[in-house]
*Asks:* 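I'd like to ask some things about the structure below.
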Amino acid sequence: MMLEERRRALRHEHWRQTRDITAALLLLWVATIFSAVFFARELSGMALFGWPLSFYLAAQGALLVFLSIIGGYAWRMRVLDRRYQDQVR
């Protein structure tokens, strides 16, 4: 019975950390999109490779941030899953 309680506690902790990671990365994604839109007028005065900086951030920068969020999530979840998988055994 103690083993089952320990497994249940580990699953609960794993799920809590998964939710925390997901929430933090979703907030980063929302902040990135919001910033690109909110500061578009101020950033349109600057240029990067001949394009207005607001266009570059919306078209390219947000995509790069999104891809890095996906990579960071996959890496962090792999580490988290391995840690809890070793503890359950």
*Asks:* Between CZ of Arg82 and CZ of Arg78, what distance do you get to the nearest 0.5 Å?
*Replies:* 6.0 Å

*Asks:* So for atom CZ, which belongs to Arg41, do other residues, nucleotides or ligands contribute more than 12 heavy atoms lying within a distance under 6.0 Å?
*Replies:* no

*Asks:* To the nearest 0.5 Å, how far apart are CG in Leu80 and CD in Glu13?
*Replies:* 8.5 Å

*Asks:* Which heavy atom of Thr32 sits nearest to which heavy atom of Ala62, and what is that distance?
*Replies:* CG2-CA, 4.1 Å

*Asks:* Within the structure provided, determine whether Arg83 and Gln17 are in side-chain contact (heavy-atom separation under 4.5 Å).
*Replies:* yes

*Asks:* From Met77 CE over to Ile21 CD1, what is the distance, rounded to the nearest 0.5 angstrom?
*Replies:* 5.5 Å

*Asks:* Between Glu4 and Arg11, is the closest basic N to carboxylate O distance under 4.0 Å?
*Replies:* yes

*Asks:* Between Val65 and Leu26, is there shared hydrophobic-cluster membership here, with clusters defined by ILVMFWY side-chain heavy atoms closer than 4.5 Å?
*Replies:* yes

*Asks:* Look at the aromatic rings of His14 and Tyr84 and report parallel, tilted or perpendicular, splitting at 30° and 60°.
*Replies:* perpendicular

*Asks:* How long is the straight-line distance from CG of Leu28 back to CD1 of Ile69, given to the nearest 0.5 Å?
*Replies:* 4.0 Å

*Asks:* Is any side-chain N of the basic residue among Arg16 and Asp20 closer than 4.0 Å to the acidic one's carboxylate O?
*Replies:* yes

*Asks:* Can you find a heavy atom in the side chain of Thr22 that is under 4.5 Å from one in the side chain of Tyr73?
*Replies:* yes

*Asks:* Tell me whether Phe39 is reachable from Met46 by hopping between hydrophobic residues (I, L, V, M, F, W, Y) whose side-chain heavy atoms are closer than 4.5 Å.
*Replies:* yes

*Asks:* Let's go through Leu25 and Trp29 carefully: what are the C-alpha distance in whole Å and the side-chain angles of both, what is the deciding distance for side chain to side chain contact (heavy atoms under 4.5 Å, CB included) to 0.1 Å, and is it a yes or a no?
*Replies:* CA-CA 6 Å; Leu25 293 177; Trp29 181 51; over 6 Å; no

